[in-house]
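What follows is a set of notes on a single structure, which appears directly below.
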Amino acid sequence: MNPRIRLWLVAVGGAGLAALLVAACLRLPDFGGDSHPYGDRAVHESLARRTANTIASVNFDQRAFDTLGEMSILFAAVVGVVVLLRQTRDEHRARPEPAEVAAPVRRYALLVLPVALVIGLYVVAHGQLSPGGGFQGGVVAATALHLLYLGADYHALERIRPVGLYEVGDALSASAYLVTGLAGLIGGTAFLANTLLPYGTFNTLSSGGTVPLLNAAIGMEVACAVVVLLARFLDQAVEIEEESGK
């Protein structure tokens, strides 16, 4: 395929997408109006299944299949990075030298690390109750670990970040999401239907049926995925060198 054909394909596809977006926007309710049919239905379903956070109900109950697609994109990105940034035959690993870290940076990073990690886990655990959830909390928890790289050195980070375990954790958490959905089929309902567990008491950690399970699976998947992604890019920047020494 030559560049001219590619340009035409991009132009045609872009024009079609633009037309669809314009058509969709023309049918939106007026800004500031009192008619919110989708929002009203989403809130009603969230309360009916005792999920205090409507966004979590949308993500992991009403549109849990869409969230599976989002998780699959992240998982595919991790697989792609692992494949593309793997060590090749003309590369070798050079152990990085310890870097000097300013005392205020060291103190601040080591002080904030456990706080940020607990906040990330808290956001995941309370995803069905308050703003946040698995996506947000997973990113916070994963990046919190890397404060050790800023406050100490790369060796310290490697000790708490065995990449192989996080790769396994990423696969297991993605599988847990799928298994929860398949359990609904085995139970005689729809894939990812929120019918397996009792909905519990409203505004408690055990409320929402399968929402907390799916939220936790996403939190673990996102945390492991971000750790693996950062690990591969850091390896390229810090450890892996070409045979010529570059």
Side-chain angles (χ1 to χ4, degrees), residues 36 38-78 112-147 161 166-184 189-230:
H36 305 283
Y38 183 81
D40 293 339
R41 287 178 173 86
V43 172
H44 179 270
E45 292 299 320
S46 175
L47 296 178
R49 296 173 183 176
R50 298 182 178 88
T51 308
N53 182 7
T54 303
I55 304 301
S57 177
V58 172
N59 288 338
F60 304 112
D61 186 357
Q62 303 169 39
R63 300 182 64 180
F65 191 77
D66 293 352
T67 302
L68 173 61
E70 297 172 6
M71 180 190 70
S72 300
I73 293 172
L74 179 58
F75 186 80
V78 172
V112 172
L113 190 156
V115 177
L117 183 59
V118 170
I119 290 175
L121 297 177
Y122 177 90
V123 171
V124 173
H126 292 76
Q128 74 275 16
L129 304 179
S130 57
F135 287 102
Q136 298 86 344
V139 172
V140 172
T143 51
L145 296 177
H146 291 77
L147 288 172
R161 191 211 58 186
Y166 285 96
E167 290 174 346
V168 173
D170 189 15
L172 288 178
S173 53
S175 300
Y177 196 99
L178 289 171
V179 168
T180 304
L182 293 174
T189 58
F191 181 67
L192 288 171
N194 189 359
T195 56
L196 296 175
L197 301 175
Y199 296 138
T201 304
F202 182 76
N203 209 26
T204 61
L205 286 176
S206 59
S207 61
T210 57
V211 170
L213 298 181
L214 297 178
N215 176 67
I218 288 293
M220 181 179 176
E221 199 275 335
V222 170
C224 292
V226 171
V227 168
V228 173
L229 288 173
L230 292 177

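Below, each value reflects all heavy atoms present in this structure, side chains not excepted, and no hydrogens, waters or symmetry copies.
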List the atom of [X], the atom of [Y], and the distance in Å for their closest heavy-atom pair.
| X | Y | result |
| --- | --- | --- |
| Ala77 | Leu229 | O-CD2, 4.1 Å |
| Val140 | Thr143 | O-OG1, 3.1 Å |
| Pro212 | Leu205 | CG-O, 4.0 Å |
| Tyr166 | Arg161 | CE1-CA, 3.7 Å |

Taking only residues two or more places apart in sequence, or in another chain, which ones meet [X] in a side chain to side chain contact (heavy atoms under 4.5 Å, CB included)?
| X | result |
| --- | --- |
| Phe202 | Leu47, Arg50, Ala52 |
| Ala193 | Thr189, Ala190, Thr195 |
| Arg41 | Pro37 |

- Query: Does the side chain of Gln128 come under 3.5 Å of the side chain of Thr51 through a donor N or O and an acceptor N or O?
  - Reply: no
State the [atom1]-[atom2] distance between [X] and [Y], to the nearest 0.5 angstrom.
| X | Y | atom1 | atom2 | result |
| --- | --- | --- | --- | --- |
| Tyr199 | Thr204 | OH | OG1 | 14.5 Å |
| Leu197 | Ser206 | CG | OG | 10.5 Å |
| Asn194 | Phe60 | CG | CZ | 12.0 Å |
| Leu147 | Leu117 | CG | CG | 9.5 Å |

- Measure up the Phe65 and Phe191 rings against each other and bin them: parallel (under 30°), tilted (30 to 60°), perpendicular (over 60°). perpendicular
- With side chains defined as the heavy atoms from C-beta onward, is the minimum distance between Asp170 and Glu167 less than 4.5 Å? no
- Verify the neighbour count for atom NE2 of His44: are there more than 12 heavy atoms of other residues, nucleotides or ligands below 6.0 Å? no
- Task: Return yes if some donor-acceptor pair links the side-chain N/O of Asp61 with the main-chain N/O of Ser46 below 3.5 Å, else return no.
- Result: no
- Task: Keeping the roles fixed (side chain from Gln62, backbone from Ala42), state whether a donor-acceptor pair exists under 3.5 Å.
- Result: yes
Under 3.5 Å, side-chain donor or acceptor atoms of residues 213-224 against the rest of the protein: list the pairs with distances, not counting sequence neighbours.
| from | atom 1 | to | atom 2 | distance (Å) |
| --- | --- | --- | --- | --- |
| Asn215 | OD1 | Gly134 | N | 2.7 |
| Asn215 | ND2 | Val124 | O | 2.5 |

- Query: What residues form a salt bridge (charged side-chain N to carboxylate O under 4.0 Å, His left out) with Glu70, not counting sequence neighbours?
  - Reply: none
- Item | ring pair (Phe, Tyr, Trp, His ring centres under 6.0 Å) against His126, all qualifying residues, sequence neighbours excluded | Tyr122
